[in-house]
Trainee: 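Okay, handing you the structure first.
Letters A, B, ... are given to chains in the order of the sequence lines, protein chains preceding strands, and every chain is numbered from 1. As a basis for the values below, the full set of heavy atoms in this structure was taken, side chains included, without hydrogen atoms, waters or symmetry mates. Because the structure is predicted, anything quoted here is derived from the model rather than measured.
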Amino acid sequence: MHQSIAPLVVIAGETASGKSALALDVAERFGGELICADSWTVYKGFDVGTAKPSIEERRRVPHHLLDIADPEKGYSAAEFQKRAFAAIEGIAARGRLPVLVGGTGLYIDSVLFNYQFLPAPPAWLRGQLSELSLEELQQKAHDEGLDTTGIDLRNKRRIIRLIENNGLRPTKHPLRDNTLMLGIQAGQDQLHGRVERRVDAMLAAGLELEVRSLAGQYGWDAEPMKGIGYHEWRRYFEGNQSRIQTRDRIVAATLGLAKRQRTWFKRNKSIQWLPAVDAPELAVLAVTTFLENDVH
RNA sequence: GCAGGGAUAGUGAAGCGGUCAAACACGGGUGACUGUAAAUCAUCUGGCUCAGCCUUCGGGGGUUCGAAUCCCUCUCCCUGCA
């Protein structure tokens, strides 16, 4: 009955769903440590706009994989996966419970399904391919005799990846064993209000200042500067957009993100969805059951 | 009161006799997604018993084979003159 693979609790959910608070709660109660599966909180210095867990929260429960990426270099799901695996092993080795929380579906799935990423492309190649138009990329893929079945030929990035990989396709494994997947089902009707409150809180917490400083430090082309809550300020700083408009754009973009996150997680049929209202109680119940069945 | 301009789908805004259920933008829905993923991309968005049918372009009435597009009139809004 003993399982060789470490137990893992996953808490997924759209932005502003309350998953971070829930994860904190679960971790505290079960002696867990959090691994943040978030493509934006990995960056150093991007704090307010990413709603990064506070110092105080990090004191309550150890958080892993925050502030590990250099904004100038960018980051990738493959790098995240490596560190997440290592973090899970480390936490389990200390006899604690690893809890993977986040809203970046790709990052989470890379761990859950042990995605086999293909080698990173040389920077020069990507740069070169990015210059090409969609039609040129399609032509190039065709000329190189690459199999394009299943590839979204209208999406430049997908074709670029295909060419970079020289036609090879990545693979994945079945769902990881010994894993409990929970999702927060936040009321859609209240999402808008929650997002607005969250953005307003960021504004009050000094988002403008943070963005101004980061933009000065890294420039608008740095990867994380393209994120929601950051790039919207560019026009504002240039004097072409009011603060209110900026705020509204951030809200709208966040809502769009939430939708994409929902779509991503929806297709994972193994997730147990917990209604946000009584998520804490249900989560405790689910984790308790999970751990009982797991240990011996 | 007189002269002129305007009223178009959730919003903004094209159209100015047929090819208009009506461009485009935004907003909204749905979906894809493996080294950029808070990214990138697709798709739907008047109604229905949905390869067809029905009701729309401020209201009403005309002209015409045919009108969102022309004429008359009513209502409301803006501008100039009083």
Side-chain angles (χ1 to χ4, degrees), chain A residues 12-17 36-43 46-52 69-84 102-123 125-127 129-130 134 137-138 148-173 175 188-189 191-192 195 198-199 202 207 211 214 221-233 245 248-268:
Chain A
E14 63 196 28
T15 187
S17 63
C36 301
D38 185 306
S39 63
W40 242 250
T41 55
V42 292
Y43 289 107
F46 288 69
D47 304 333
V48 177
T50 62
K52 196 177 280 177
D70 177 348
E72 285 182 310
K73 296 208 178 98
Y75 205 63
S76 75
E79 292 172 80
F80 173 84
Q81 185 198 37
K82 252 177 245 156
R83 299 197 59 157
T104 303
L106 178 65
Y107 284 17
I108 290 179
D109 281 2
S110 75
V111 171
L112 294 184
F113 299 99
N114 191 191
Y115 279 1
Q116 301 298 292
F117 289 102
L118 292 164
L125 179 58
R126 172 160 295 180
L129 293 174
S130 301
L134 179 64
L137 285 166
Q138 291 171 339
T148 57
T149 52
I151 296 292
D152 180 355
L153 289 172
R154 283 180 288 195
N155 190 334
K156 276 183 80 170
R157 294 201 172 176
R158 297 277 131 70
I159 307 181
I160 289 177
R161 274 310 284 157
L162 182 73
I163 296 173
E164 285 174 348
N165 295 332
N166 201 21
L168 287 177
R169 303 295 180 84
T171 56
K172 73 171 181 179
H173 294 263
L175 178 63
Q188 275 257 58
D189 44 330
L191 179 65
H192 194 102
V195 168
R198 186 168 133 119
V199 172
M202 287 178 181
L207 180 60
V211 180
L214 290 169
D221 292 332
E223 197 54 39
M225 288 306 291
K226 297 174 186 167
I228 294 170
Y230 292 93
H231 75 263
E232 290 88 352
W233 291 92
Q245 287 175 314
D248 289 346
R249 278 175 182 279
I250 295 174
V251 169
T254 304
L255 254 16
L257 166 65
K259 160 60 187 153
R260 269 170 280 134
Q261 291 174 310
R262 233 176 293 135
T263 301
W264 181 288
F265 292 127
K266 200 185 289 177
R267 68 178 171 176
N268 183 338

Trainee: Counting distance alone, no hydrogens or angles: does the base of A39(B) have a donor or acceptor under 3.5 Å from a partner atom on the side chain of Arg158(A)?
Mentor: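 A donor-acceptor contact between them is present.
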Trainee: Take atom NZ of Lys73(A) as the centre, draw a 6.0 Å sphere, and report whether it contains more than 12 heavy atoms from other residues, nucleotides or ligands.
Mentor: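 For Lys73(A), atom NZ is not crowded (no more than 12 foreign heavy atoms under 6.0 Å).
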Trainee: At less than 4.0 Å, is any side-chain N or O atom of Arg154(A) found next to OP1 or OP2 of U43(B)? Yes or no.
Mentor: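 So the side chain of Arg154(A) is within the cut-off, an N or O lying under 4.0 Å from OP1 or OP2 of U43(B).
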Trainee: To the nearest Å, give me how far apart CG (Leu106(A)) and P (U36(B)) are.
Mentor: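 Computing the Leu106(A):CG to U36(B):P distance gives 9 Å.
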Trainee: Between atom CZ in Phe113(A) and atom P in C33(B), what is the gap in whole Å?
Mentor: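 That distance rounds to 12 Å.
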Trainee: Starting at atom CG of Leu162(A), determine the distance to atom C1' of C33(B), rounded to an integer number of angstrom.
Mentor: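 The answer, rounded to whole Å, is 15 Å.
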Trainee: Send over the distance from Lys172(A) NZ to C33(B) P, rounded to a whole Å.
Mentor: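 Going from NZ in Lys172(A) over to P in C33(B) covers 9 Å.
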Trainee: Have a look at Thr263(A) and say if it touches a base, only the backbone sugar-phosphate, or nothing, with a 4.0 Å heavy-atom cut-off.
Mentor: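 Base: the residue Thr263(A), judged by heavy atoms under 4.0 Å, touches a nucleobase.
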Trainee: Within the side chain of Glu164(A), is there an N or O that forms a donor-acceptor pair under 3.5 Å with the backbone of Leu125(A)?
Mentor: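 Such a contact is absent between Glu164(A) side chain and Leu125(A) backbone.
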Trainee: Can you confirm whether Phe46(A) sits close enough to Pro71(A) that some side-chain heavy atom of one is under 4.5 Å from a side-chain heavy atom of the other?
Mentor: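 Yes - at least one pair of side-chain heavy atoms lies under 4.5 Å apart.
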Trainee: Has Lys52(A) got a side-chain atom pairing as donor or acceptor with Tyr43(A)'s backbone, closer than 3.5 angstrom?
Mentor: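 A pair under 3.5 Å: yes.
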Trainee: Check whether any side-chain nitrogen or oxygen of Arg157(A) sits under 4.0 Å from OP1 or OP2 of C33(B), and answer yes or no.
Mentor: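 Arg157(A) to C33(B) OP1/OP2: no side-chain N or O under 4.0 Å.
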Trainee: Kindly point out which of A32(B), C33(B), U36(B) is positioned nearest to the side chain of Trp264(A)?
Mentor: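 In terms of side-chain proximity for Trp264(A), the closest of A32(B), C33(B), U36(B) is C33(B).
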Trainee: Starting at atom CG of Leu153(A), determine the distance to atom C1' of C33(B), rounded to an integer number of angstrom.
Mentor: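 One finds 15 Å between C1' of C33(B) and CG of Leu153(A), rounded.
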Trainee: Can you tell me if the side-chain N/O atoms of Lys259(A) get under 4.0 Å from OP1 or OP2 in G29(B)?
Mentor: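 No, no such contact exists.
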Trainee: In whole Å, what is the span from the CD atom of Glu223(A) to the P atom of A37(B)?
Mentor: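 It is 6 Å, rounded to the nearest whole Å.
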Trainee: Please determine if a side-chain N or O atom of Tyr107(A) lies less than 4.0 Å away from the OP1 or OP2 oxygen of A37(B).
Mentor: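 For Tyr107(A), the contact criterion (side-chain N or O under 4.0 Å from OP1 or OP2 of A37(B)) is met.
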Trainee: According to the Watson-Crick and G-U wobble definitions, with both distances under 3.5 Å, which nucleotide is paired to C65(B)?
Mentor: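 With both distances under 3.5 Å, C65(B) matches G18(B).
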Trainee: Want to settle it: does Lys156(A) or Glu164(A) sit nearer the 5' end of RNA chain B, counting the closest nucleotide to each?
Mentor: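 Nearest-nucleotide comparison on RNA chain B picks Glu164(A).
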Trainee: If I take atom CD in residue Gln81(A) and atom C1' in nucleotide U34(B), what distance separates them, rounded to the nearest angstrom?
Mentor: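 Result: 9 Å.
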Trainee: Check whether any side-chain heavy atom of Leu257(A) sits under 4.5 Å from a side-chain heavy atom of Glu14(A), and report yes or no.
Mentor: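 No, their side chains stay 4.5 Å or more apart.
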Trainee: So which one's nearest nucleotide on RNA chain B is more toward 5', Arg126(A) or Arg260(A)?
Mentor: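 Looking at the nearest nucleotide for each, Arg126(A) comes out on the 5' side.
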